[in-house]
Q: 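This structure is in structure tokens; I'll ask about it shortly.
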2 protein chains.
Amino acid sequence: MKPTIKDIAAQAGVSIATVSRVLSNKRGTYSEKTKEKILKVAKELGYHKNTTAVDLVKKKADEIAVIINATPTNFSNMILSGIQQRATELGQRVIILYAGDRNTDMQHQAITTVMARSVSGILLLAVEPDATDLELLKETRTPFCFVSLYFGDDQILSISSDNKALAYQATEYLINNGHTKIGLAGIDDYHTGSQRVLGYQTAMRDHGLVAKNDWVKRGDYSYEAGRQLLQAFLPLEVTAIIAASDMVAVGLLNAAQQSQIAVPDKLSIIGIDGTFICEVTTPPITSVTQNFYEIGVRSVDKVMGKATETFVPTRIVVRGSVKLNR
Amino acid sequence: MKPTIKDIAAQAGVSIATVSRVLSNKRGTYSEKTKEKILKVAKELGYHKNTTAVDLVKKKADEIAVIINATPTNFSNMILSGIQQRATELGQRVIILYAGDRNTDMQHQAITTVMARSVSGILLLAVEPDATDLELLKETRTPFCFVSLYFGDDQILSISSDNKALAYQATEYLINNGHTKIGLAGIDDYHTGSQRVLGYQTAMRDHGLVAKNDWVKRGDYSYEAGRQLLQAFLPLEVTAIIAASDMVAVGLLNAAQQSQIAVPDKLSIIGIDGTFICEVTTPPITSVTQNFYEIGVRSVDKVMGKATETFVPTRIVVRGSVKLNR
DNA sequence: ATCAGTATTGTAAACGTTTACGTAAAGTGC
DNA sequence: GCACTTTACGTAAACGTTTACAATACTGAT
């Protein structure tokens with residue numbers, strides 16, 4: 001049997017209350033002598049505190065739950081690192097639950113599971129909640145925060161890049177480098193996508209350019225989407241394309257190379273995300289890079305009630321896939 | 001306050017024992033009528049079972065803990081998917097703890113944290129334990145299993161690809177395609193690395209070839225390592241290189257292309273891992289592909305006491321980076 | 001020696017479940 | 001109707017902690 005504080009108490013000849021006090025560092029409530037003794041016995045017995053019991057009596061687990069889409073994106077890792085890092089600093093454990101791939105049932109399931117333990121916060125990583133989910137989440141009195149997804153509803157906590165600003169930034173960067181015919185490839189139909197279209201259009205307008213409707217093409221962020229979309233862009237004669245993700249950018253790049261279109265000389269490509277993928281292609285892909293690690297860090301802050309900005313700034317990382325002006 | 005079974009009991013006019021029985025599906029111990037009533041009340045009150053309390057009394061959490069190296073490799077996701085999938089099937093939750101990057105302290109910390117809750121199993125994902133860790137793990141009476149790491153000690157549970165067989169397979173594939181001067185790039189100094197060297201050497205010998213000592217070069221599995229190692233291989237005039245990871249393969253490939261060495265015509269490259277990276281380069285990289293998802297699935301089987309093979313088979317996926325014989 | 005004040009310790013209840021045990025009611029076969 | 005089994009439910013203990021409250025032991029000043 002695993003030893004408990006009872007065993008330590010017996011062995012050390014004190015009450016369990018005393019043991020508990022020294023083991024949870026209630027300073028000033030015990031003498032140095034008994035502390036030594038108890039610690040010694042605890043070590044001898046190979047004692048480890050039973051978190052379950054602690055959580056029960058404290059009615060609260062020092063634990064942050066992360067619900068994550070099963071889709072293995074290559075940036076979720078980085079967000080998780082940030083979460084983990086900050087959580088550890090704040091004395092919180094991290095538990096992660098997969099919610100399938102936009103699978104409503106599993107999403108429900110995950111949320112319900114989380115509600116069954118009294119976590120201090122819930123982080124939803126790239127999950128689009130339906131109405132029921134949202135209801136469930138609100139019903140818990142636990143703070144929750146959407147990560148890498150912004151609703152435009154300030155009642156609901158969230159942390160992400162500012163997708164409008166991000167698209168604006170990318171568009172402007174291309175314009176500043178002499179492009180006027182600019183495509184936007186692979187964006188989705190959700191909030192993220194529409195924000196990006198908005199940013200793109202605004203930047204074009206602000207610089208006195210018109211954005212043709214068929215310059216923006218939908219997609220699912222995948223490599224395959226990128227490959228296919230290149231064909232669709234060919235007749236449009238754009239000179240630059242903003243890709244909705246690094247993977248889309250690589251897809252465009254490879255398809256372009258197969259069609260003998262030189263990147264960046266004939267076609268410039270800028271990716272969104274800035275993961276390691278950008279560094280390993282030839283040419284490497286210029287990107288507007290999201291600070292995923294920081295997004296992770298801030299999400300913990302936010303869900304733990306610390307004030308932070310909702311948007312984490314992005315920045316352009318110049319590599320080799322955009323033709324520079326002069 | 002969150003409602004408890006006590007509240008339900010009061011509301012429904014039964015004892016908490018009855019409530020507990022219907023809520024945990026102890027069939028045949030309650031009547032249909034009371035079941036209906038209790039379920040109705042539970043729903044009205046918005047009741048959710050408190051897992052913490054359940055775990056405490058059951059002295060066991062239906063929960064598998066995964067301790068994972070912080071290094072974001074692009075395959076840990078796939079292993080995690082497999083773990084998650086199988087765990088859900090077996091009614092286990094999954095909790096994940098990061099252990100820093102070969103950081104002894106954090107590793108200890110993670111193990112200790114896990115010991116504090118009575119999980120049903122511990123999975124160690126790509127962590128190299130030191131002696132103390134191993135001691136700690138054994139001291140828990142909880143089953144633990146190393147994932148993607150094999151010690152050569154059958155006392156210790158583990159699941160991984162058979163690194164010796166894997167290297168043998170890669171080497172043989174190259175030999176069958178007419179190569180005789182074959183390099184091995186970027187392997188480590190741990191068990192994994194030495195197993196691969198062994199497989200490589202054995203395959204060479206079995207086919208009557210000699211493997212020169214400086215044909216095998218150390219590295220850290222990174223893109224950068226690949227880039228640098230190419231230079232080292234140049235004077236050796238090997239016609240094919242086995243890369244210790246996809247990233248190393250991409251590094252070799254890009255460096256080769258920069259040095260005007262045609263892949264696969266002048267130099268063949270085969271990667272180990274077979275992640276999506278292989279598909280997005282030009283040429284795409286032929287790989288000996290590990291079945292990471294399956295590794296994840298089997299690891300939970302193993303740690304839950306179900307019998308499974310320790311090694312998960314690998315297979316060659318032919319893409320475009322190896323010159324084919326005729 | 002006594003007292004107040006403080007430092008240290010002990011007692012026992014509480015957290016929300018599960019479950020062994022007991023019992024009353026209902027059903028069965030004769 | 002009887003003894004017997006089965007069904008349905010209640011009582012209370014247990015899981016391993018924390019903590020309010022009470023109790024005791026010390027300290028130094030008188």
Side-chain angles (χ1 to χ4, degrees), chain A residues 1-39 41-42 45-63 91 113 115-120 140, chain B residues 1-39 41-42 45-63 91 93 113 115-120 140-141:
Chain A
M1 278 311 334
K2 280 194 181 177
T4 72
I5 50 171
K6 233 180 240 169
D7 301 317
I8 299 183
Q11 187 81 33
V14 296
S15 75
I16 60 163
T18 305
V19 176
S20 169
R21 278 187 286 251
V22 348
L23 256 27
S24 41
N25 275 305
K26 297 267 172 295
R27 303 270 184 72
T29 68
Y30 50 80
S31 71
E32 199 59 22
K33 266 190 320 222
T34 48
K35 175 189 159 188
E36 307 274 285
K37 187 169 49 182
I38 288 172
L39 255 30
V41 175
L45 262 41
Y47 172 81
H48 288 278
K49 199 180 277 200
N50 181 325
T51 316
T52 310
V54 177
D55 288 348
L56 180 58
V57 61
K58 290 231 179 128
K59 306 187 74 168
K60 143 158 204 300
D62 285 334
E63 190 168 82
T113 306
M115 293 178 66
R117 51 182 45 220
S118 327
V119 298
S120 32
T140 339
Chain B
M1 279 311 332
K2 281 194 181 178
T4 71
I5 49 171
K6 234 180 240 169
D7 300 317
I8 299 183
Q11 187 80 33
V14 297
S15 76
I16 60 163
T18 306
V19 177
S20 171
R21 278 188 285 251
V22 349
L23 257 26
S24 41
N25 274 309
K26 297 269 171 294
R27 303 271 184 74
T29 68
Y30 50 81
S31 71
E32 199 61 21
K33 267 189 319 215
T34 49
K35 176 188 161 190
E36 306 275 285
K37 187 168 51 181
I38 287 172
L39 254 30
V41 175
L45 263 41
Y47 172 80
H48 289 276
K49 200 180 273 198
N50 182 324
T51 317
T52 310
V54 177
D55 289 348
L56 179 58
V57 59
K58 290 231 179 125
K59 305 187 77 168
K60 145 160 202 299
D62 285 335
E63 190 170 82
R93 298 184 299 273
T113 305
M115 294 178 66
R117 50 182 46 220
S118 327
V119 297
S120 32
T140 337
R141 308 297 287 132

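The structure displayed is predicted, hence computed values, not measured ones. Just so we're on the same page: letters track the sequence lines, and every chain starts at 1.
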Q: Classify Ser31(B) by what it touches in the nucleic acid, base, sugar-phosphate, or nothing, heavy-atom distance under 4.0 Å.
A: sugar-phosphate

Q: Give me the bend of the helix from dA1(C)-dT30(D) to dC30(C)-dG1(D), using the axes of the five pairs at each end, rounded to 10°.
A: 40°

Q: Quick check: do Arg21(B) and Thr18(B) have side-chain heavy atoms less than 4.5 Å from each other?
A: yes

Q: In Å, rounded to the nearest 0.5 Å, how long is the span from CG of Leu23(A) to CD1 of Ile8(A)?
A: 5.5 Å

Q: Checking all strands, does Thr34(A) fall into the base, sugar-phosphate, or nothing category for heavy-atom contacts under 4.0 angstrom?
A: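 Here Thr34(A) touches the backbone only, sparing every base.
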
Q: Can you name the side chain to side chain contact (heavy atoms under 4.5 Å, CB included) partners of Thr4(B), sequence neighbours left out?
A: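 By the side chain to side chain contact (heavy atoms under 4.5 Å, CB included) rule, Thr4(B) matches Lys6(B), Asp7(B).
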
Q: With rounding to the nearest 0.5 angstrom, report the OG1 to NZ distance, Thr29(B) to Lys35(B).
A: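 Output value for this atom pair is 11.0 Å.
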
Q: Protein within reach of the bases, or only the backbone? For nucleotides 11-19 of chain D, mark each nucleotide 5' to 3' as B, S or -, using heavy atoms under 4.0 Å.
A: B--BBBBBB

Q: Rounded to the nearest 0.5 Å, what's the gap from CE on Met115(B) to OG1 on Thr113(B)? Could you check?
A: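 Here the interatomic distance stands at 10.5 Å.
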
Q: Taking atom CG of Asn25(B) and atom OH of Tyr30(B), what is their separation to the nearest 0.5 Å?
A: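 Those atoms lie 5.0 Å apart.
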
Q: Can you tell me how far the NZ atom of Lys60(A) sits from the OG1 atom of Thr52(B), to the nearest 0.5 Å?
A: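 Rounded to the nearest 0.5 Å, the NZ-OG1 separation comes out at 12.0 Å.
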
Q: In Å and rounded to the nearest 0.5 Å, what is the CD1 to CD distance from Ile38(B) to Gln11(B)?
A: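 Result: 12.0 Å between the selected atoms.
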
Q: Separation of Arg27(A) atom CZ from dA7(C) atom C1', in whole Å?
A: 16 Å

